[in-house]
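For reference, positions follow the sequence shown, starting with 1. Counting starts at 1 for both ligands and their atoms, in listed order.
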Amino acid sequence: MADPERAALLDRIRQLERAASPLEPGAADRQRLRDAVVGSSERFLEKIDTLKAYEETADKGIGLLRNLISEHGIPIETVIESFEQDVVRPGGNPASAGHLAYIPGGGIYHSALGDYLAAVSNKYAGLFFTGPGPVRMENLLIRWVADLVGYPATAGGNIASGGSIASLTAIVTARDAHGLKGADYASAVVYLTAQAHHCLEKALRIAGMGEAQVRHIPIDDRFRMRPEALEAAIAADRAQGLRPWLIAAAADTTDTGAVDPLDAIATIAERERCWFHVDAAYGGFFLLTEHGRSVMKGIERSDSVVLDPHKSLFLSWGSGIVVVRDVKPLAAAHGYSGDYMYLQDALREPGEISPADVSPELSKPFRALRMWLPLILLGTKPFRAALEEKLLLARYFHQEIQALGFEAGPPPDLSVATFRWAPQGASLEEANRINQQIVDQIKRDGRIFLSSTLLDGRFSLRMAALSFRTHRKTMT
Ligand SMILES: *Cc1c(COP(=O)(O)O)cnc(C)c1O
């Protein structure tokens with residue numbers, strides 16, 4: 001390269017380095033940015049008790065579109081103002097104690113700090129070779145969850161982004177573990193109840209198994225799968241030459257908070273050689289409580305289980321865990337090399353299984369830290385206490401709502417209660433209309449946020465106590 005040409009090239013490189021320098025703010029700029037961001041989160045947390053659980057706004061955050069992404073940035077003050085006004089304010093507020101709709105999130109602060117540390121260090125969490133720390137951390141959390149479930153030493157799993165992706169991972173594992181190929185899909189049979197979460201049928205479809213036969217097993221008056229009906233369905237399918245494959249039970253169902261009789265289902269699954277999956281996305285971490293362990297008895301006999309730390313462990317959105325009793329089929333379904341012998345070494349050696357080998361992800365955020373940090377800092381005691389509190393709050397609510405004259409659904413297995421206003425003499429349509437009005441009215445008021453469901457055609461209100469911020473005073 002001629003000298004002038006080289007000089008021009010170096011000059012251009014210097015210019016670009018300068019133009020790119022905002023990507024690396026110095027200590028003073030970092031402080032300024034951090035103060036603005038922390039200031040906003042402090043304002044939010046300081047007034048969280050008075051913020052609405054649902055804020056109905058006409059604009060629905062449309063103001064966000066005023067600030068266009070262009071060649072030049074805008075000041076952090078403007079950005080935070082729009083963030084608070086257009087992003088945080090409108091709609092549901094899952095951080096609020098009064099958020100009793102759907103499944104409340106929560107978002108403990110320690111978890112947010114874990115996200116911050118994870119993002120700043122940006123440690124790679126996909127492969128043990130380059131990220132031994134994050135991978136050990138993920139695997140120790142998987143082991144902690146496996147112990148909670150009661151799985152043997154062979155168990156393995158993955159921290160995914162949520163319960164839906166974790167469920168997909170379990171379905172794909174179950175499919176391959178049973179050697180199902182395209183030609184078998186139409187005769188493969190899945191057993192669940194009409195109360196099962198829709199993410200399971202969605203996962204089946206994404207896994208290419210949309211043609212699989214899905215049986216909705218009848219439920220009892222508390223919305224739990226009836227084991228004898230499951231046995232009958234399996235027998236009928238065998239008689240027709242179909243291939244019973246997967247039984248998916250819930251612990252507990254999103255809609256009514258029912259826990260299926262896991263122990264009885266496990267016995268059937270073992271005898272019928274079906275893959276037994278437990279969807280504990282909502283209720284899983286109630287295993288930390290004595291009551292939870294007793295209602296979920298039998299979960300330890302399942303083949304795979306999904307639990308959402310962003311639900312019953314109070315983390316902010318973004319964590320769902322799948323644990324499989326035996327890591328081998330999980331790795332066989334998700335490993336890339338196709339040579340799984342190394343797994344035996346990995347299990348024997350002090351080395352660790354890499355998340356990339358047991359999930360669809362390669363690069364992944366350092367998700368373990370958002371769960372590990374709160375657990376290592378606080379220990380399990382406050383989590384157990386908060387979960388026991390939710391169980392009792394749901395029981396309390398179930399009694400109080402009847403004292404107020406509402407018709408209550410079954411006593412809560414965990415922390416969801418359903419109820420409806422059913423005035424004497426009102427027709428089903430009238431009652432449904434009144435209950436719809438109650439939900440709409442509560443939403444407009446916004447202090448609390450409840451959702452609804454249709455149970456046997458009856459429009460019912462639904463109260464889910466799962467936020468760590470929800471206490472006795474929220475219930476009154
Ligand atoms: C929330 C939920 C899911 C789906 O999990 P996401 O984390 O929302 O993807 C599945 N099953 C049950 C029982 C749930 O409550």
Side-chain angles (χ1 to χ4, degrees), residues 92 94 99-107 111 145 149 157-172 174 190-207 214 216-217 219 222-225 246-262 265 276-287 292 295-296 299 302 304-323 359-361 364-365 367 370-371 387 390 394 412-418 451-453 455 462-467:
H99 193 297
L100 309 169
Y102 309 107
I103 306 288
S111 185
V145 173
V149 171
N158 187 251
I159 308 184
S161 59
S164 301
I165 300 296
S167 300
L168 175 63
T169 302
I171 295 281
V172 167
V190 180
Y191 304 87
L192 33 72
T193 76
Q195 294 291 320
H197 196 277
H198 71 266
C199 80
L200 290 167
E201 294 195 40
K202 184 169 160 181
L204 278 172
R205 200 153 39 81
I206 299 172
V214 175
H216 286 167
I217 303 303
I219 47 184
R222 295 182 67 171
F223 306 103
R224 301 162 173 165
M225 187 185 286
L246 173 72
I247 303 171
D252 53 5
T253 62
T254 314
D255 231 15
T256 61
V259 179
D260 287 326
L262 304 181
I265 295 172
F276 179 28
H277 175 72
V278 177
D279 179 2
Y282 179 172
F285 289 98
F286 280 100
L287 285 168
V295 292
M296 286 184 257
I299 196 170
S302 63
S304 56
V305 57
V306 162
L307 310 87
D308 266 359
H310 64 205
K311 288 177 179 167
S312 44
L313 211 58
F314 316 123
L315 307 193
S316 47
W317 302 127
S319 306
I321 292 186
V322 55
V323 190
S359 80
E361 289 180 300
K364 66 184 272 173
R367 268 184 212 116
R370 65 202 326 276
M371 177 170 169
L387 288 165
K390 299 320 134 199
D413 275 344
L414 293 173
S415 74
V416 174
T418 56
S451 50
S452 61
T453 182
L455 298 173
R462 209 182 137 272
M463 189 289 302
L466 199 66
S467 168

Location of contacts on Asp252 toward ligand 1, heavy atoms closer than 4.0 Å: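 The part of Asp252 near ligand 1 is the backbone, not the side chain.
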
Region of Ser164 that comes within reach of ligand 1 [heavy atoms, distance under 4.0 Å]: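 Looking at Ser164 and ligand 1, atoms from backbone and side chain both fall under 4.0 Å.
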
Mark up the atoms of ligand 1 that fall under 4.0 Å of a heavy atom belonging to [X], in ascending order.
X      : value
Asp308 : 5 (O), 6 (P), 7 (O)
Asp279 : 10 (C), 11 (N), 12 (C), 13 (C)
Tyr282 : 15 (O)
Ala281 : 2 (C), 3 (C), 10 (C), 11 (N), 12 (C), 14 (C)
His310 : 7 (O)
Gly163 : 5 (O), 6 (P), 7 (O), 9 (O)
Cys199 : 10 (C)

Ser415 side chain to Tyr282 side chain, donor-acceptor N/O pair below 3.5 angstrom: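 Short answer, yes.
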
[X] side chain vs [Y] backbone, donor-acceptor pair below 3.5 Å:
X      : Y      : result
Ser467 : Gly106 : no
Arg462 : Thr453 : no
Arg222 : Ala258 : no
Asp260 : Ala249 : no

Considering heavy atoms of the protein only, find what lies nearest to [atom] and give residue, atom and distance to 0.1 Å.
atom                    : result
atom 10 (C) of ligand 1 : His197 CG, 3.3 Å
atom 14 (C) of ligand 1 : Lys311 NZ, 2.9 Å
atom 13 (C) of ligand 1 : Thr254 OG1, 3.2 Å

Nearest heavy-atom neighbours spanning Met225 and Ile217: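 Heavy atoms only, the tightest pair is CG-CG2, 3.7 Å.
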
Trace of the side chain to side chain donor-acceptor pair (under 3.5 Å) decision for His310 with Ser319: CA-CA 6 Å; His310 64 205; Ser319 306; 5.5 Å; no

Separation between CE of Met371 and CD1 of Ile321, rounded to the nearest 0.5 Å: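 It comes to 4.0 Å.
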
